[in-house]
Amino acid sequence: MESMAVEKTDFIRQRIQKDLDQGVLDSGVITRFPPEPNGYLHIGHAKSICLNFGVAKEFGGKTFLRFDDTNPLKESEEYVAAIQADIEWLGFQWSDITFASNHFEEIYQYAVDLISEGKAYVCSLSPEEIRVTRGTLKEPGVDSPFRARPVAESIDLFKRMRGGEFKEGEHVVRLKIDMGSPNINLRDPVIYRIIHASHHKTGDDWCIYPMYDFTHCICDALEGISHSLCTLEFEDHRPLYDWVLDNISVNYHPPQIEFSRLGLEYTVMSKRLLNRLVDEEFVDGWNDPRMPTVSGLKRRGVPARAIRDFCARIGVTKQENTIEMNLLEFCIRADLEKTAPRGMCVIDPLKVVVTNLPENEIEKLSADWHPQNPELGAREILFGRDLYIEKGDFLEEPPAKFKRLTPGGMVRLRYGFIIRCDEAIYDDSGALTQLNCTYFPESRSGQDKSGLKARGVIHWVEANSCELVSVRQYGRLFNVPMPKSADFVDHIDKNSLTESQGLLEKAVMENEIDRIQFERIGYFYRDPDLPRTYNKTVSLREGF
RNA sequence: UGGGGUGUCGCCAAGUGGUAAGGCACCGGGUUUUGAUCCCGGCAUUCGCAGGUUCGAAUCCUGCCACCCCAGCCA
């Protein structure tokens with residue numbers, strides 16, 4: 001089933017194997033995928049999902065889907081539903097869904113404990129004052145005047161914060177670590193703030209919310225996570241992660257291991273930027289086929305298996321990386337090549353009249369759905385006097401090695417007969433409007449007795465039986481390989497969507513095929529919402 | 001001369017002291033009723049740079065250089 005996946009071994013798997021070998025894992029491998037429900041998942045998340053779920057599966061463990069919902073201002077139920085759907089679509093199963101908010105009471109209690117032990121305090125500096133006294137990258141910070149606040153007073157204040165007595169910004173709880181630390185995260189980090197907003201899970205139960213650094217490690221510990229995998233930017237937070245777990249009464253302490261995020265050429269991967277693309281309507285929603293979101297890739301027609309294969313091929317390291325788009329496209333083609341039925345669709349039509357075939361006479365042809373996989377069966381194709389071929393498949397003055405139709409030249413119509421072009425007809429403005437051709441009955445596909453030699457093979461459709469469809473072709477969203485967040489809007493390719501009409505072979509529509517290769521063009525996906533619309537997933541490789 | 005990371009082929013990535021895997025891309029050639037697929041073959045005397053240790057170094061040591069991350073009451 002997953003035979004396509006490459007052999008995976010990376011520093012994280014090696015580490016886990018080592019832990020297993022040394023018997024330090026009491027409950028086996030337990031990982032978690034911890035998205036904040038404040039946006040849709042993208043292919044970068046897919047990398048993390050493949051890692052977390054993949055590793056657990058490989059080592060016989062389990063994975064929790066944990067929503068990191070500590071900021072009610074940004075999070076919503078819409079996102080938790082979408083995230084679940086995307087993960088399932090990607091083909092992974094969690095053992096449980098948890099929410100950081102499930103643990104709010106315990107987290108609160110740990111904060112109370114820390115205050116009681118003099119390891120945390122309620123700080124009543126304004127946000128601005130906290131910022132200023134934090135120091136800079138080179139200069140140490142200075143202690144808050146509230147650092148020495150009596151324990152009892154902090155406890156009292158914290159309880160009243162919870163009770164809703166204060167406005168946002170009036171007080172926060174801070175850890176008492178070291179304002180002189182070269183690691184800014186250790187300069188008395190804020191762990192609780194007041195937010196008077198309804199939470200999508202806890203409603204109005206709380207008006208104080210714990211911050212990520214305090215919450216995440218506690219949840220990992222409470223859930224017995226064996227390996228807490230996250231991205232590189234959290235490396236500086238690890239000392240804080242460890243400090244918290246070392247200073248509260250939990251007796252379990254998972255290791256945090258960081259890996260590099262996925263970079264992909266010609267797109268952006270931050271939620272903030274993706275959000276702007278949607279909000280400012282550069283794209284048509286989160287699931288626009290040009291988006292690197294899971295839902296966008298899905299709507300584009302990318303199979304989940306191709307995404308998994310891609311994630312397996314890019315590996316997991318600590319190196320910054322920007323993967324070329326051609327690797328993703330390779331993975332998509334590799335999957336679709338084996339699985340997608342073939343069909344014919346003419347996108348830029350040129351009329352062809354087969355002059356030696358009587359009006360209303362129809363020849364029935366048979367064509368396999370797949371050249372290498374007979375099990376997919378075959379369909380019937382009609383051949384008549386009026387046909388359409390691709391404009392680009394005829395050239396008055398062909399270059400050397402042109403393998404298509406030319407004046408007086410012969411080509412085979414895929415699955416059909418060889419035809420010869422006898423005459424090209426132009427309208428008053430000099431535009432080519434029609435080709436008159438002769439077909440050779442003896443050259444019928446599969447039983448050719450004509451002895452004729454065609455220049456090449458082109459796709460076509462029969463004029464009276466084909467279906468008119470809408471074809472959407474997508475280019476890169478950006479015209480530079482690595483858009484910078486500062487000016488990414490300036491590099492958006494405004495012409496990344498091309499919509500045109502296509503003439504589609506009848507059988508493709510009748511059989512309601514979702515993923516189809518339009519021969520000689522590319523792989524297409526029948527849009528799930530728009531009728532008679534096909535989205536181009538990826539082009540075929542062009543060999544010349 | 002704040003701290004934390006990373007540097008192996010155009011893009012990824014193995015390699016963990018014994019003499020540079022693999023994939024994508026690219027370039028040749030073969031098959032082919034998709035200029036697709038498929039199949040063969042080519043593609044780093046060299047591992048950011050400079051020294052050093054060693055019989056032997058991408059792997060150890062020293063010193064440089066480059067790039068990324070951190071100063072949210074975001075995650």
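Here is the naming used below: chain letters follow the sequence lines, and residue numbers restart at 1 for every chain. Hydrogens, waters and symmetry mates play no part in the numbers below; they use all other heavy atoms, side chains included.
Computed from coordinates, the A:Trp369 CH2 to B:U37 P distance equals 22 Å when rounded to whole Å. Between the P atom of B:G4 and the CD atom of A:Glu320 lies a distance of 17 Å, rounded to the nearest Å. Atom CG in A:Leu540 sits about 11 Å away from atom P in B:C38, given to the nearest Å. The separation between A:Lys138 atom NZ and B:G2 atom P is 5 Å, rounded to whole Å. A:Leu125 has its CG atom 15 Å from the C1' atom of B:G72, to the nearest Å. The CZ atom of A:Arg174 sits 15 Å away from the P atom of B:A71 (whole-angstrom rounding). Atom CZ of A:Arg308 and atom P of B:G23 are 22 Å apart (whole Å).
Here, B:C24 and B:A66 have their P atoms 36 Å apart, quoted to the whole Å. A gap of 8 Å separates the C1' atoms of B:U31 and B:C38, to the nearest Å. Here the separation of B:A44 from B:G22, taken at their C1' atoms, is 14 Å to the nearest Å. Comparing B:C55 with B:C64, their P atoms sit 28 Å apart, to the nearest whole Å. Only the C1' atoms considered, B:G35 is 41 Å distant from B:G7, to the nearest whole Å. Annotation: B:U19 and B:G30 have their C1' atoms spaced 36 Å apart (nearest Å). Remark: the separation of the C1' atoms in B:U54 and B:G48 is 23 Å, to the nearest Å.
Side chains of A:Leu264 and A:Met325 form a contact here, defined as non-hydrogen atoms less than 4.5 Å apart.
Contact annotation for A:Ser260: no contact, since no heavy-atom pair falls under 4.0 Å across all strands. When heavy atoms are screened at a 4.0 angstrom cut-off, A:Arg455 is found touching no nucleic acid atom at all. Note on A:Tyr415: a base of the nucleic acid sits closer than 4.0 angstrom, heavy atoms only. Contacts of A:Arg541 with the nucleic acid, taken as non-hydrogen atoms under 4.0 Å apart, involve only primed sugar atoms and P, OP1 or OP2. Note on A:Phe402: a base of the nucleic acid sits closer than 4.0 angstrom, heavy atoms only. As judged by a 4.0 angstrom heavy-atom cut-off over every strand, A:Val190 is placed among residues touching the sugar-phosphate backbone only. Nucleic acid contact class of A:Gly446 (heavy atoms, under 4.0 Å, all strands): base. At the heavy-atom level, A:Pro34 lies nowhere under 4.0 Å from the strands shown. Within the 4.0 angstrom heavy-atom criterion, base atoms lie near A:Gln14. Residue A:Thr215 is out of contact with every strand shown, counting any heavy-atom pair closer than 4.0 Å. Nucleic acid contact class of A:Glu329 (heavy atoms, under 4.0 Å, all strands): none. Within 4.0 Å (heavy atoms only), A:Asp236 reaches at least one base atom of the nucleic acid. Contacts of A:Tyr209 with the nucleic acid, taken as non-hydrogen atoms under 4.0 Å apart, are absent. Looking at heavy-atom distances under 4.0 Å, A:Arg187 makes no contact with the nucleic acid at all.
Here B:C12 is the nucleotide among B:C74, B:G5, B:C12 with the atom lying nearest to any side-chain atom of A:Thr322. Here the nucleotide nearest the side chain of A:Asn321, chosen from B:G5, B:C24, B:A13, is B:A13. Residue A:Asp10 places its side chain closer to B:A14 than to any other of B:C70, B:G2, B:A14. Relative to the side chain of A:Arg193, the nucleotides B:A25, B:C73, B:A14 differ in distance, and B:C73 lies closest. Of the candidates B:G35, B:A71, B:A13, the closest approach to any side-chain atom of A:Lys403 belongs to B:G35. When distances run from any side-chain atom of A:Gln372 to the nucleotides B:C70, B:U37, B:G5, the shortest one goes to B:U37. Nearest nucleotide to the side chain of A:Asn71, out of B:C12, B:G3, B:A75: B:A75.
A perpendicular orientation is assigned to the rings of A:Phe234 and A:His237, their planes being inclined by more than 60° (bins at 30° and 60°).
Under the Watson-Crick or G-U wobble criterion, with both distances below 3.5 Å, B:A66 is paired with B:U6. A 3.5 Å limit on both hydrogen-bonding distances identifies B:G30 as the Watson-Crick or G-U partner of B:C38.
In this structure, A:Tyr79 has its ring center closer than 6.0 angstrom to the ring center of A:Tyr40. Remark: aromatic rings of A:His216 and A:Tyr212 are close, center separation under 6.0 Å. Note: A:Phe146 and A:His171 fail the aromatic proximity criterion, with ring centroids not under 6.0 Å apart.
Syn is the conformation of B:G72, whose glycosidic angle sits no further than 90° from 0.
Looking at A:Arg238, its side chain has no donor and acceptor atom pair within 3.5 Å of the base of B:G4. Judged by distance alone, with hydrogens and angles left aside, A:Glu324 brings a side-chain donor or acceptor within reach of the base of B:G10, the pair sitting under 3.5 Å.
Both A:Gly169 and A:His370 lie near RNA chain B, and the one whose nearest nucleotide falls closer to the 5' end is A:His370.
Each of A:Val302, A:Leu262, A:Ile332 was compared with A:Phe310 under the side chain to side chain contact (heavy atoms under 4.5 Å, CB included) criterion, and only A:Leu262 meets it.
Annotation: cation-pi geometry satisfied between A:Arg379 and A:Tyr415 (NZ/CZ under 6.0 angstrom from ring centroid, within 45° of ring axis).
A:Leu41 and A:Pro35 make their closest contact through CD1-CB, 4.4 Å (heavy atoms, listed as atom of the first residue, atom of the second, distance).
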